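As a basis for the values below, the full set of heavy atoms in this structure was taken, side chains included, without hydrogen atoms, waters or symmetry mates. By convention here, the first residue in the shown sequence is residue 1. If you're wondering where the values come from, they're calculated on a predicted model, not measured in any experiment.
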Amino acid sequence: MTSSISVKRAPPPDVSKVIKQRGIGVLVSLMVGLLTGFSAVAEEPVSAAPINRPRIGLVLSGGGARGIAHVGVLKVLEELHIPVDAIAGTSMGALVGGLYASGMPASEIERLINSLDWQAAFRDRPSRTMLGFRRKQDDRNFLVRYSLGIGKDGLELPTGLIQGQNQTQILRSATLSVAGISRFDQLPIPFCAIATDLESGSEVVMDSGDLVTAMRASMSAPGVFTPVEFNGRLLVDGGLVNNLPIDIARQMNVDVLIVVDVSTPLYTRDELTSPLAVTNQSAAIMVRNRTGEKRRGLHGDDLLIEPQLGTMSPGDFSRVAKALLAGELAARSSKEKLNKLAINSDDYESHVLMRAPRHTESPNIDFIQTDRDSSRYADAVNAVVGGLRGKPLNRALINEGLASLYALDLFETIDYKLINHGESNGLEFHLEPKSWGPDYVRVGINLEDDFAGNSRYNLAGRLIMTDLNALGAEWLTDIQIGNRPRFATEFLQPLSWTQPFFVAPRMEYELHTVPMLRDDTTLAQYRVRNSLAGVDVGRELSSWGELRVGLQRGSGSSEVLVGDPLLPTTHYGTGGYVARFAYDTLDNVFFPRHGQQFTVQWNGERRALGSDYDSNKVFTEWQYAKSFDRYTMVLSVDAGSSLSDHTPAQDYFTLGGFLNLSGLTAGSLAGPHYAVGRFIYFRQIGRGGSGVLELPAYAGISIEAGNVWNKRSDADFAGLHHDASLFFGADSPLGPVYLAAGVDDRRRTAFYLFLGRSF
């Protein structure tokens, strides 16, 4: 059942004639009205439509990326001085129509579309550089970057691949001038958007409420975008029920319609070659059948425009320019018919003046609050955006604050709206926790084969329990099986929202293999077991770093795995201090194109704290990435030293493997002191998708130099191994995939098939 709409009104008088008849006083009143503050809205907006011309309604269909052609049509309508008195749109037609109805001219909509990074617009998770430092660490240790929720019935998934956070904020910024308007017939151009009620399957006509939410709901393709809650209903793409809302526009007090249809054409028989193509064809048939019914409702004076977009798919946002041009050409081909609806320059100027946004001034923000459903996060909101109080509304600062909150990775969407209490203006924030949270699991895999009979694998899972109390505590637990079994758990308790200090008790158990070498010959392999417990205190340094210090105590053992069985098994105790500073601004942990990563850690073993001996151990990692178009250069250095004269096997560093002296077998070098440097150069050679979905592929080389030493005095440049590699890689949802070949200056070679973290 279609909901009713209330946008009919009698056509008001010609503004220019009224001004001539009633004098300059009317002009002054008009200008005052245009400059009124953001809360002032006329009960019945004045239209510039002259009495002696037909009122024109614009109908914009859905069609995904094909709907960008609507903007090309709007450009031609403006050139020909054709006024638009009402707009009804579905899906992408609702997005373009809503922007135009808000007072944004076609040229500004075109600039917005051309300036958008469509990859970012359809990607919810903030870029890695914007993530909080703790969430950046989830990308390390070959863990998959996506998380599954844990609910009462087991694993849970989001209700859509895209939650629409970035898209919402783009639209919010673009329509801020009309943010105080809740009835869409009071917009500069009356507007309606069409959506589908996901529960009942009925058509929903949205003519009031929040404009951005209405546009988002109308274009929420099921399974791709998360359904949108609007006035208590769960809504998805309106194209399911009314992709061409001619009947709705007819009810908006108009006399003639301009209808723009960008519906997806049907595949030919030769193109129906896959199950996906057949499924898409079935959906397209249903939409086109309903569209055909609507088109039969056109009258003799109505005008139908069909941009010729060929086989362009609804998801192909890489062809924006083509869609814009197709819209322009289609409108110009109907120029003769369109000219019958044109008005003279003076009347058109009056029309444009009256449809300009009425709210042009930025109000002062007097207060900041959360809505009732988000009150739990009021302290977090105040900590992040509280500084906006007492200042003029600033979209850039608001978006920066939203990005900081979203980077906590706790929320499905974060949005705001302008509200007023009497003479005070403010921002009200709504934070929607993830519907598939607040507990998540991330899984990962690490596989390595050197094609010489040596293979390694590790399967890992991370349980992330978030939002455990009012200060945002979280509990991380890692379980790993394979060549390097590991169990670790850490509870992180922030001390406040405004002061980023934390306390973190932790436990860890791990097994790994360490070779014993002499003159590059492996004498034995030891299996080392370590267990420890500790507590750290620290401080997060914005989103880029962390500083922590702590105490830890544990025990371990090492026994011969390969070698002389008479070699002794040793048991030892550990205990001491740990201090760590980490800095991370890399945009991608696997194939970084920009940023740096730096870590330095000191472990101080002390007998007084349970260790068998006093010792100090330091190690550091540094990585720097810089890109030029498709080309990227990465420099990195790792180094470490056990500062004691006697260093047991469990404290040895290891080298060998892909990008870690690539010509050597993984872990084939071990010692108490090590250093390795790398120069990596790669080029992006493929995108793997057509815009929104992209799987980058790379080809590159590396040059590496490094070694391990038994004594610091042995370290010199003359003893370095010099290695190189040639690799092909792809950044997949499961982590990086590499096919590589490495060579060492001592005539050793290695080949790798690698899935997971490289070094």
Side-chain angles (χ1 to χ4, degrees), residues 140-142 446 448 456 458 483-484 486 508 510-530 532 552 554 556-558 561-563 570 572 574 576 578-582 597-605 611 613-623 636-678 702 704-717 719-723 742 744 750 757-759:
R140 310 192 82 84
N141 300 320
F142 52 81
N446 166 256
E448 183 178 356
R456 301 193 302 173
N458 291 285
N483 293 88
R484 190 161 187 159
R486 180 174 181 268
E508 182 175 351
E510 182 181 50
L511 284 78
H512 64 280
T513 302
V514 177
M516 299 296 293
L517 301 102
R518 178 180 297 166
D519 298 327
D520 291 343
T521 300
T522 301
L523 301 179
Q525 288 186 347
Y526 278 86
R527 193 63 164 168
V528 177
R529 292 173 171 82
N530 284 320
L532 63 84
Q552 61 187 28
S557 66
S558 62
L561 181 65
V562 177
T570 61
Y572 54 87
T574 63
V578 60
R580 182 174 184 267
F581 169 76
Q597 182 266 328
F598 174 74
T599 301
V600 59
Q601 180 167 322
W602 165 73
N603 287 22
E605 293 289 314
S611 178
Y613 51 88
D614 290 341
S615 69
N616 294 284
K617 178 180 179 180
V618 296
F619 60 88
T620 185
E621 301 173 348
W622 172 76
Q623 188 175 2
S636 69
V637 175
D638 297 353
S641 177
S642 295
L643 305 180
S644 309
D645 293 332
H646 170 71
T647 305
Q650 65 266 17
D651 287 339
Y652 278 15
F653 301 99
T654 61
L655 282 178
F658 179 50
L659 298 181
N660 213 14
L661 298 183
S662 296
L664 305 180
T665 304
S668 60
L669 299 181
H673 314 281
Y674 90 110
V676 59
R678 311 173 188 90
S702 72
E704 308 146 36
N707 206 349
V708 300
W709 299 276
N710 288 322
K711 298 179 180 179
R712 288 197 305 277
S713 59
D714 294 337
D716 57 33
F717 289 105
L720 293 178
H721 287 260
H722 297 89
D723 291 57
D744 185 69
R757 180 119 171 92
S758 56
F759 66 91

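Of all the heavy atoms in Ser668 and Thr665, the pair that sits closest is OG-O, 2.8 Å. Across Asn660 and Arg678, no two heavy atoms sit closer than the pair OD1-NH2, 3.1 Å. Thr654 approaches Ala670 most closely through the heavy-atom pair CG2-CB, 4.0 Å. Here the closest non-hydrogen pair linking Ser662 and Ala750 is O-CB, 3.5 Å. Of all non-hydrogen atoms in Thr570 and Ser558, the two that sit nearest each other are OG1-OG, 2.6 Å. Nearest heavy-atom pair across Glu605 and Ser611 is OE1-OG, 3.1 Å.
For Gln597 and Thr599, the side-chain atoms include at least one donor-acceptor pair closer than 3.5 Å.
Two residues are said to be in side-chain contact when any heavy atoms from C-beta on lie closer than 4.5 Å; Tyr652 and Tyr674 fail this criterion. Using a 4.5 Å cut-off on side-chain heavy atoms (C-beta onward), Leu532 and Asn530 make no contact.
Remark: side-chain polar atoms of Asn458 are paired, donor with acceptor, to backbone N or O of Asn483 under 3.5 angstrom. One N or O on the side chain of Glu704 and one on the backbone of Leu661 form a donor-acceptor pair closer than 3.5 Å. The backbone N or O of Leu643 sits nowhere less than 3.5 Å from a side-chain atom of Asn616 that would complete a donor-acceptor pair. Listed for the Asp723 side chain is a donor-acceptor partner under 3.5 Å among the backbone atoms of Gly663.
A perpendicular orientation is assigned to the rings of Phe619 and Phe653, their planes being inclined by more than 60° (bins at 30° and 60°).
How far CG of Asp651 is from OG of Ser615: 6.0 Å, rounded to the nearest 0.5 Å. Interatomic distance, His673 NE2 to Asn710 CG, rounded to the nearest 0.5 Å: 7.5 Å. Atom CH2 of residue Trp709 and atom CG of residue Leu669 lie 10.0 Å apart, to the nearest 0.5 angstrom. Between the NE2 atom of His512 and the CZ atom of Arg527 there is a distance of 9.0 Å, given to the nearest 0.5 Å. A distance of 10.0 Å separates CD in Glu621 from CZ in Phe598, rounded to the nearest 0.5 Å. The CG atom of Leu664 sits 9.0 Å away from atom CG of Asn707, with the distance rounded to the nearest 0.5 Å.
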